[in-house]
Structures are given as structure tokens and as C-alpha cells.
Amino acid sequence: HVNSSELWKNPKIEPRISTNTKTGEISNEQEQAEYKGLKFLIHQTRTELNGSLHTFYNHGFHNYNDFHFRKLESVILELKYDLGIEPEKSVLNNLEIGINIELSYPPDKFLNQIIMHRGIPFTWQHDKTKRYRECSHTQFFIKSYDKGSQNQLNRYIFRFELKYIKMERINQLGIKTLSDLIKPGNLERIGELIVNTFDEILIGNLKADYSQLNQRDRELFINGHNDKYWLNIKPTDSTAPDYKKEYKRYERRLTRFSELLEKTGANQQKKEIRELIVQKINELCDPEKTGGIDRNSLYKNRGKLTNSTS
């Protein structure tokens, strides 16, 4: 929520208005502006803000470093006091949350082992800067990729993120506005959501030693690493006479497959990365870790959000 006329007067903001290059006539397209990677779109009754707060903190250049609680807080304070945006009234219409984990090996070695989430397979996708694994649900997307390669770094950085395009689940956590992101406990709840979603993902490792399995389990172990196998045996017609029977059969195979991943150690890589994710989330949520922020100077110049602890 922001006063668009006041925003346009702000010397930090450079409005962009489309004009006809021949006649000089101003078009009827939306007024817009950009600042540190954030894009402002002016509608008749509201101003829409798009972009990454993490990238904004890095002056619009990247989001591959750690974004601690205090960095998030400093960004929201800057939006409030420097740009006149009211965090308490700024409603979140979608939200991307993610974590960057440094690995000792190329992330693709892990990305190739991701199978599916809640019965929905992961696919390989590509854009201008990266290729990534993605799982699409109606309310959110799961995305994983090599962040180091995307940013041409000499480090292996695994990125795991959730993008909510429908806010029902996020709202259930008590997060509806920009200021809610830094209320006590909310960042931890987001962290729990990331970990719980990661736990639900079926991830294997065909390079694990499965030679000691019997023939039946060996076939399930091999087939289970292929998402098409699960799609073929999962019943979809709930009105079919044998639906419940077939669905229980599907669930039994899923359970057995998970047991085989544990028995062969094929889930070890997932366990290790999960531990790194939990460690990183705990670090990022710690308010005592400033992440390079001069808090005394910050509060002296701008004060605190009035309702950040309400």
C-alpha cells in the first residue's frame, strides 16, 4: 500500500511512461517504475509491487547470498521510510520463499534423483539463465536448481524454493501483509513449511547398492525411480468400483519403495541435504545474526515498525 502520487515524487524512483515515438502521444498503458530490481505498476485504485526483496537488498543484482532476518527487516524498513510504502497495509498476493545451500558437489547430481511430490512428477524446465526441476500444483510451485551455475559462481549452490500463487496456505500461517513477514515466529513457520514440503518429496538414488534385494523388491526399486511408473499405477477415477482397492495398492507400493530407499541407503543424500536446509533456516531466522547490518544506525535513522510485534 502506497500513495502513487507521493511515490512518483520520490527522487529515488524513475517513472516510465510509454509514448508514441512518432507523435509523442502518451499511451494508455500502465504507468510503471523500477528501483533496485523492484517493479512498481500503477493501477487506478492500487499500486502493485513485483520483485524479490532479497534482490532488492543486493541493489537489484542477485539473490544467491544469505538473506537473514535482519536483512529482511532492513528492507521492509527501507520500503517504509524511504519509499513511503506502508507494510502494515501492503497485502501479499503471492510469495516466493527459498533457501540456498552450498554443496561439495554439483547440484545436478541431486536434482536428477528427484521423482515427485504428492503424486505430481518433477519436470525439467529452462529459462534464459538456468535449467531447473519443477513440480506444479494449483496453489504453488516447487522449484530446485543450481544457483551457482546460474550466477556463474565457482561454488556449488543448491536452491530450493516454493512459489505460492494462491495465498491460502501462507495466510493460515498468519502472514497476510508485508509487515507480517517479520512478526515473531512467522519466519520460523515459513522455514517449517519449506522443510515439511522437502520431506514430502520422493527422492531416490539409483546409484545406491540394491544388489541384496530380492527380485520383486529390486524391480520396485528400479521402477520406482521413474515417475511414469507411479503415474501408471495411481488410480484417477474415484467413481470406479475398484478405486479404493487400487489406491491402497498404490499406497502400499509407495510405502515399500520408501522402505527400500532406507534399506539401501538411497535416501542418504536427501537426509544430508535436509540437515543442511534445517541448519540454514535456523541461522537465517536468528535475529541475533545481523548479516552485516548496522542495526544501531538503522534504528537511529528510521525507527522500528510500529506493529512488528503485535
Side-chain angles (χ1 to χ4, degrees), residues 37 52 54-55 57-58 60-68 71 96-118 120-137 140-163 190-191 193-211 221-230 257-258 260-284 291:
S52 165
H54 189 174
T55 303
Y57 176 82
N58 290 310
F61 294 115
H62 68 84
N63 66 345
Y64 58 74
N65 61 344
D66 288 341
F67 193 47
H68 294 84
K71 290 183 179 180
E96 182 179 296
I97 52 180
I99 196 85
N100 298 326
I101 302 296
E102 190 159 349
L103 302 178
S104 60
Y105 52 86
D108 277 10
K109 289 187 176 181
F110 179 70
L111 295 173
N112 288 325
Q113 308 298 343
I114 299 176
I115 305 169
M116 64 182 186
H117 176 258
R118 298 180 188 170
I120 306 297
F122 276 76
T123 59
W124 278 107
Q125 302 290 338
H126 298 78
D127 62 23
K128 293 180 180 179
T129 62
K130 64 184 181 297
R131 72 184 196 119
Y132 55 93
R133 299 300 305 274
E134 183 178 76
C135 179
S136 302
H137 292 280
F140 70 102
F141 298 85
I142 307 173
K143 189 184 293 185
S144 297
Y145 57 95
D146 182 345
K147 193 73 172 177
S149 177
Q150 180 197 28
N151 291 274
Q152 299 179 332
L153 305 176
N154 60 356
R155 310 197 310 273
Y156 299 128
I157 300 177
F158 167 69
R159 172 77 174 179
F160 180 74
E161 65 185 38
L162 311 176
K163 181 173 183 178
I190 287 176
L193 182 59
I194 291 174
V195 174
N196 290 340
T197 303
F198 184 81
D199 286 343
E200 293 173 341
I201 299 175
L202 192 63
I203 302 172
N205 184 358
L206 267 175
K207 293 184 178 180
D209 182 7
Y210 55 89
S211 60
F221 182 85
I222 296 172
N223 291 332
H225 280 80
N226 189 334
D227 56 67
K228 292 182 177 59
Y229 169 78
W230 300 108
F257 181 67
S258 295
L260 295 177
L261 294 179
E262 178 70 27
K263 185 175 182 179
T264 60
N267 61 357
Q268 185 59 34
Q269 197 174 34
K270 178 184 179 181
K271 288 181 178 180
E272 292 170 355
I273 289 183
R274 182 193 191 276
E275 185 176 348
L276 292 174
I277 289 175
V278 171
Q279 289 175 357
K280 181 64 70 173
I281 288 174
N282 289 336
E283 178 184 333
L284 297 179

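Sequence positions, counted from 1, serve as the residue numbers for this chain.
Looking only at distances, no side-chain donor or acceptor of His137 sits under 3.5 Å from a matching main-chain atom of Ile142. Using a distance-only test at 3.5 Å, with no hydrogens or angles considered, no donor-acceptor pair links the side chain of Asp108 to the main chain of Leu111. The main-chain N or O of Gly98 is never found under 3.5 Å from a side-chain atom of Lys143 such that the two would form a donor-acceptor pair. Side-chain atoms of Asn226 come within 3.5 Å of backbone atoms of Lys228 as a donor-acceptor pair (strictly under, hydrogens ignored). Looking only at distances, no side-chain donor or acceptor of Arg159 sits under 3.5 Å from a matching main-chain atom of Lys147.
Minimum heavy-atom separation, Ser258 to Leu202: OG-CD1, 4.2 Å. Heavy atoms only, all atoms of each residue included: Thr129 and Asp127 are closest at N-OD1, 3.0 Å. Minimum heavy-atom separation, Ala266 to Asn205: O-CB, 3.3 Å. What you find for His117 and Ile201 is that their closest heavy atoms are CD2-CG1, 3.8 Å. In terms of heavy-atom proximity, Gly204 sits nearest to Leu261 at CA-CD2, 3.9 Å.
Within a 6.0 Å radius of NZ in Lys163, other residues, nucleotides and ligands contribute 12 heavy atoms or fewer. Environment of NZ in Lys271: crowded, with over 12 heavy atoms of neighbouring residues, nucleotides or ligands closer than 6.0 Å. Counted within 6.0 Å of CZ on Phe122, heavy atoms from surrounding residues, nucleotides or ligands total more than 12; the atom is thus considered enclosed.
Residue Ile277 holds its CD1 atom at 10.5 Å from CG of Asn100, rounded to the nearest 0.5 Å. Atom CG of Leu284 is separated from atom CD1 of Ile99 by 4.5 Å, given to the nearest 0.5 angstrom. To the nearest 0.5 angstrom, Phe198 atom CZ is 6.5 Å from Phe160 atom CZ. Between the CG atom in Leu206 and the CG atom in Asn112 there is a gap of 10.5 Å [rounded to 0.5 Å]. One distance of note links NE2 of His62 with NE2 of His54; it measures 7.0 Å at 0.5 Å rounding. Taken to the nearest 0.5 Å, the CG atom of Asp66 stands 6.5 Å off from the NZ atom of Lys71.
Here Gln113 pairs with nothing under the side-chain hydrogen bond (donor to acceptor under 3.5 Å, both in side chains) rule; sequence neighbours left out. The ring-ring contact (aromatic ring centres under 6.0 Å, His included) check on Tyr132 picks up nothing, with sequence neighbours excluded.
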Check step by step if side chain to side chain contact (heavy atoms under 4.5 Å, CB included) holds for Phe141 and Glu96. CA-CA 9 Å; Phe141 298 85; Glu96 182 179 296; over 6 Å; no

Given side chain to side chain contact (heavy atoms under 4.5 Å, CB included), test Lys130 with Asp146 step by step and report yes or no. CA-CA 8 Å; Lys130 64 184 181 297; Asp146 182 345; over 6 Å; no

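Shown are Tyr64, Tyr105, Phe110; of these, the ring pair (Phe, Tyr, Trp, His ring centres under 6.0 Å) with Phe158 is made only by Phe110.
Taking the six-membered ring for Trp and thresholds of 30 and 60 degrees, His225 and Phe257 have ring planes more than 60 degrees apart, a perpendicular arrangement.
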